[in-house]
Structures are given as C-alpha cells and as structure tokens.
2 protein chains.
Amino acid sequence: MQYAPDPHPDESPLVPAAGLRGRSAAHVAERLRDMILAGELPPGERLSERMLTEGMGVTRTPLREAFKILEAEGLLVIAPNRGAQVVKLSPADVDMAMELLAGLESVAAELACARGTAEQFAQVAALHARMVACQRAGDLVGYFRINQNIHQNIVDCAHNPALSRVYRAESARVRLYRFAGNRVSARWSRAVMEHEQILLALQQRQGPLLRELLRVHHLNGWRVTRLVLENEVQPDL
Amino acid sequence: MQYAPDPHPDESPLVPAAGLRGRSAAHVAERLRDMILAGELPPGERLSERMLTEGMGVTRTPLREAFKILEAEGLLVIAPNRGAQVVKLSPADVDMAMELLAGLESVAAELACARGTAEQFAQVAALHARMVACQRAGDLVGYFRINQNIHQNIVDCAHNPALSRVYRAESARVRLYRFAGNRVSARWSRAVMEHEQILLALQQRQGPLLRELLRVHHLNGWRVTRLVLENEVQPDL
DNA sequence: ACTCGTCTAATTGCATGCAATAATGCGATG
DNA sequence: CATCGCATTATTGCATGCAATTAGACGAGT
C-alpha cells in the first residue's frame with residue numbers, strides 16, 4: 001500500500017502554514033478518515049508514522065493526535081509500542097453495527113415524519129432520482145454513495161444533531177463492509193423498489209410504516225451483504 | 001477549581017513508569033473523564049495544560065492526546081490557541097441527547113427481551129433492590145449512580161456491544177445535567193414505581209411493553225429535569 | 001474614569017530529541 | 001533445513017524546546 005508521499009514537500013506543503021495553526025491534528029484526522037472510508041487504507045493496514053508524516057507534510061505530534069481521534073471514532077486501533085492499524089471488523093462486529101444502524105434509523109423514522117420539512121423531503125427525493133440514474137447507468141460506486149447519502153438525509157430529517165452525529169459515525173465504521181453487499185444485481189433492483197416505498201412513506205409522514213419499511217430494507221440488505229462477506233454468494237457486478 | 005496537584009511527585013508519581021508505556025494518554029483521559037463526570041471539572045471549566053501536567057505527573061504530550069480523545073467523545077471542546085474546556089450543553093443540546101438516549105433504550109428494549117439471559121435480569125433486579133434501599137436511606141447520590149447502572153444494564157441485555165458503547169458514551173455526555181432532575185422528591189418516588197414496572201416487563205420479556213414503559217419513563221424524567229434546569233421548579237432534596 | 005494601544009508574560013501548537021520497545025537480519029546450533 | 005539467540009535497526013512513547021498566539025498589565029489620550 002502506497003502512502004502517496006508529497007513529491008514537492010518544500011514547494012507545496014499539504015498543510016500550509018497560513019492561519020491553520022491549531023487545526024493540524026483535525027486536518028490530518030480528516031484526511032486519514034477519508035482515506036480509510038475510500039478504502040485506500042484497507043482494514044488491517046498498519047499506519048507507519050514516518051511514512052504518513054512524510055506523505056502529509058506534518059510532524060509526528062499532530063499525526064499521533066489524529067490517531068487518537070480516529071481511535072476514539074472506532075476507525076483505528078492503537079497497540080502500545082506497535083502503532084496504529086485500520087480496524088478490521090469481524091462479521092459479528094458488522095452484524096451488531098448494522099443492528100444499531102437499523103435501530104437508529106427506526107428511531108429517526110418517526111421523528112423525521114413528525115418534524116421533517118418539505119424542503120428536506122424534496123432533497124431526499126432529488127437524491128433518490130439521482131440514485132436511480134446511477135442504477136440505470138450501472139454506476140455502482142455512485143449509486144452506493146448516494147444511497148448512503150439518502151439514509152443520512154432521512155436521519156437528518158429528525159432534526160436531532162446528536163442522532164445525526166452518532167448515525168454518521170457508526171455508519172462510517174461499517175461503510176466498506178456494506179459496500180460489498182451491493183455487488184449483487186438481484187439485490188440492487190429490489191433495493192431501489194424498497195427505496196421508492198420508503199420515500200413515499202416519508203413524504204406522507206407515515207411514521208410507523210416508514211419505520212417498518214426501513215427495518216425490512218435493512219434486514220434484506222444486510223442478509224445479502226452477510227452472504228457476500230461470508231463468501232456464500234458471488235458478486236455478479 | 002483545584003487540580004489536586006500531586007504532593008509528592010518524586011516519591012509516588014500518579015503515572016508510574018512500570019510497564020505503563022503506551023497507555024499514558026488513555027490513562028490521563030480516563031482520569032479526566034472521571035473528574036468531569038464527577039463534576040470536579042464543571043461544564044465550562046478551562047483546562048490549563050500546565051496545571052494538569054503538574055497535578056497528574058505527566059508531560060504535555062500525553063495530556064494533549066487525552067484532550068483529543070475527550071473531544072472526540074464530546075466531553076471537551078478545544079479552541080485553537082485557547083485550550084480545552086469542559087463542554088457546556090444548552091438545554092436544547094440535552095433535549096436532543098435525551099431523545100437519542102430514549103431511542104437507544106427503546107431499541108435495546110426489544111432486543112433485551114429477545115436475548116437477555118436470566119442471569120442478566122437477576123442482576124438488574126439486584127441493582128433495583130439496592131436502588132430502592134438508597135431511596136429509603138435518602139441517599140440521592142447512590143440512588144442516581146445505581147439508576148444509571150440499571151439503565152446501562154438493560155441496554156447491555158441486548159447483547160449488542162456497539163449499542164452498549166454508544167449508549168454509554170451518550171449517557172456520559174449528559175450525566176451531570178440529568179442529575180439535577182432527580183432532586184425533586186415527587187419525581188423520585190414515581191420513578192421508582194416506573195422502575196418496578198420496567199423490571200417486570202423485562203423479566204416477562206414483553207418487548208413492546210418494555211419499550212413503551214421506558215419511553216414514558218424517559219419522558220417523565222426529562223420533563224422534570226428540564227423544569228429544574230430552566231429554574232422553573234426548585235429542587236426539594 | 002474609561003477606552004485604546006502597546007508591551008510583556010503566559011499559554012498553546014508543533015517540531016524534535018532521547019529512551020524504551022519491537023522488528024529484523026544473521027550466524028550458531030540442533 | 002529449521003530454530004533459536006543475539007545484535008542491529010527501526011519504530012514508537014514521551015519529554016522538551018521554540019515559535020506563534022493570546023491574555024493581561026500598564027500607561028497615554030480623550
């Protein structure tokens with residue numbers, strides 16, 4: 001795995017000095033988080049301080065602070081004297097995380113129907129349209145990204161920042177693992193149908209129905225994903 | 001606010017050298033977390049690096065790493081060039097957090113009824129007995145601690161580590177604010193009655209009922225707490 | 001007296017150095 | 001040939017130093 005070291009560290013530092021004092025660790029954490037969520041730093045990858053500092057143009061102190069942040073977020077594990085690794089979740093871990101996400105969404109569902117604004121619902125509908133376009137175009141990556149976005153937006157409709165924050169963090173932890181499950185065409189088309197119903201229930205503010213639809217949607221999606229992760233079903237996409 | 005500086009730094013360092021290399025930041029974070037949750041570092045308190053390093057016998061590097069951890073947990077805020085402060089939640093923040101906690105408990109309720117073991121239920125029952133004893137003895141602090149413990153234990157009955165972890169973290173964030181609401185005797189006795197019903201529903205594995213009981217219990221408790229926080233009701237304990 | 005500006009001291013952010021630990025290479029031995 | 005032991009190297013954990021920024025004291029001007 002490459003760390004993309006900066007080819008011109010003296011000419012264009014990735015963390016320039018101008019007015020960014022005091023945000024170095026947060027900046028590095030964000031960069032690493034993006035790399036982990038993009039799969040550039042795969043689960044189990046060991047993060048060498050030297051390589052990363054050279055690659056990102058910062059010194060060890062802010063990098064190590066970023067490690068602590070990401071460890072608290074559950075994206076890294078730090079073993080004493082042996083550095084940081086990207087967390088590697090077992091199927092059981094993902095199972096538990098998915099159960100939690102489904103629970104959070106079910107809580108959000110009723111709140112969203114009670115408090116979501118028409119503008120927010122329109123935003124979800126617009127995302128849905130874009131997602132369908134991605135499906136038609138066979139753009140799996142774009143589809144998955146927008147799909148995640150839709151679910152986060154539904155949660156955000158609950159107008160509860162704490163709920164949104166927790167959902168975002170827990171969702172991030174398992175993003176890579178969920179992606180695997182979408183690589184099955186039969187599931188893909190069915191998921192879109194489920195999303196149609198979800199969107200309708202949201203727009204009609206049918207809380208209990210939305211809740212049940214999301215529950216089943218999660219159950220279905222995770223069942224397929226689990227089969228793929230356990231190599232019992234081969235992805236056909 | 002005092003930082004309890006170590007009176008004998010050379011004779012008994014609070015973070016001794018023996019085999020604890022690599023856990024300094026975690027150790028400091030735990031200590032600070034305890035101090036915050038105990039109210040020794042009240043909301044809004046500014047955390048001076050110099051005072052804390054002198055008080056805890058560590059240097060600034062692990063202390064600053066601990067700050068980052070606690071910031072990620074939502075217990076501190078770090079303003080660039082101006083250091084760390086204990087978070088000060090607005091009533092609206094606490095409101096949102098309580099809604100999230102209620103949601104997490106309602107999710108846990110059904111899972112706990114489905115999966116909790118008889119031993120776990122007995123543990124909850126034992127805690128309940130101790131809590132009642134505290135109420136009889138007028139031990140508000142002990143009551144509150146065991147009360148928190150009971151709720152965490154019910155969530156733990158769901159056998160979902162991710163759910164337990166999130167519940168623990170979010171619960172910690174608002175612990176100090178919830179405590180205020182228990183200082184009203186009328187609420188106190190009613191809360192114990194609600195707990196009796198909750199325990200029964202759990203033991204009888206009546207998921208939907210437990211869910212509803214917890215929802216109402218939260219609603220009632222938080223209503224009183226909010227009144228106290230907003231100074232509309234005077235604590236009588 | 002109050003406000004504003006300046007200077008100084010204190011504090012924070014980050015870089016770097018040193019010591020402890022773990023990883024690695026290599027020869028000796030079974 | 002594989003394995004163990006040891007020395008070397010690399011890496012991590014923490015302490016400390018320096019520069020940037022802020023907070024506070026002090027005095028001039030209104």
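Proteins get letters first, then strands, A, B, ... in listed order; numbering begins at 1 in each. Just so you know, these numbers come straight off a predicted model, no measurement behind them.
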Problem - Heavy-atom donor-acceptor pair, B:Arg21 side-chain to D:dT12 base, under 3.5 Å - result: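 Indeed, a donor on one side and an acceptor on the other fall under 3.5 Å apart.
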Problem - Options C:dT16, D:dG13, C:dG13, nucleotide nearest the side-chain atoms of B:Glu49 - result: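 So the nucleotide nearest the side chain must be C:dG13.
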Practice task
Report the nucleotide, chosen from C:dG13, D:dT12, D:dT16, that has the shortest atom-to-atom distance to any side-chain atom of B:Thr61.
Solution key: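 For B:Thr61, the side-chain atoms sit closest to D:dT16.
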For the residue pair [X] and [Y], establish whether any side-chain heavy-atom pair is separated by less than 4.5 Å.
{"X": "B:His217", "Y": "B:His151", "value": "yes"}
{"X": "B:Leu101", "Y": "B:Arg178", "value": "yes"}
{"X": "B:Arg46", "Y": "B:Met51", "value": "no"}

Practice task
Give a yes/no on whether any side-chain N or O of B:Ser24 is located under 4.0 angstrom from OP1 or OP2 of D:dG13.
Solution key: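 Indeed not, no polar side-chain atom of B:Ser24 lies that close.
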Exercise for the section: Return no unless some side-chain N or O of A:Arg50 is found under 4.0 Å from OP1 or OP2 of D:dT11. Expected result: yes
Exercise for the section: Determine the contact category for B:Arg60: base if any of its heavy atoms lies under 4.0 Å from a base atom, sugar-phosphate if only primed atoms, P, OP1 or OP2 are that close, otherwise nothing. Expected result: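 It contacts base atoms.
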Exercise for the section: Using whole Å, report how far NZ of A:Lys68 lies from P of C:dG13. Expected result: 18 Å
Handout entry: Atom pair distance, as rounded to whole Å: CD in A:Glu65 and P in D:dG13
Key =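 Checked: the CD to P distance equals 14 Å.
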Completion exercise
Walking DNA chain D from its 5' end, the first of B:Asn81 and A:Gly83 to be reached, judged by nearest nucleotide, is A:Gly83
Problem - Residues A:Glu170 and B:Arg165 bridged, charged N to O under 4.0 Å - result: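 Salt bridge between A:Glu170 and B:Arg165, a charged N being under 4.0 Å from a carboxylate O: yes.
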Problem - Upstream residue (5' side of DNA chain C) when A:Arg23 and A:Pro80 are each assigned their closest nucleotide - result: A:Arg23
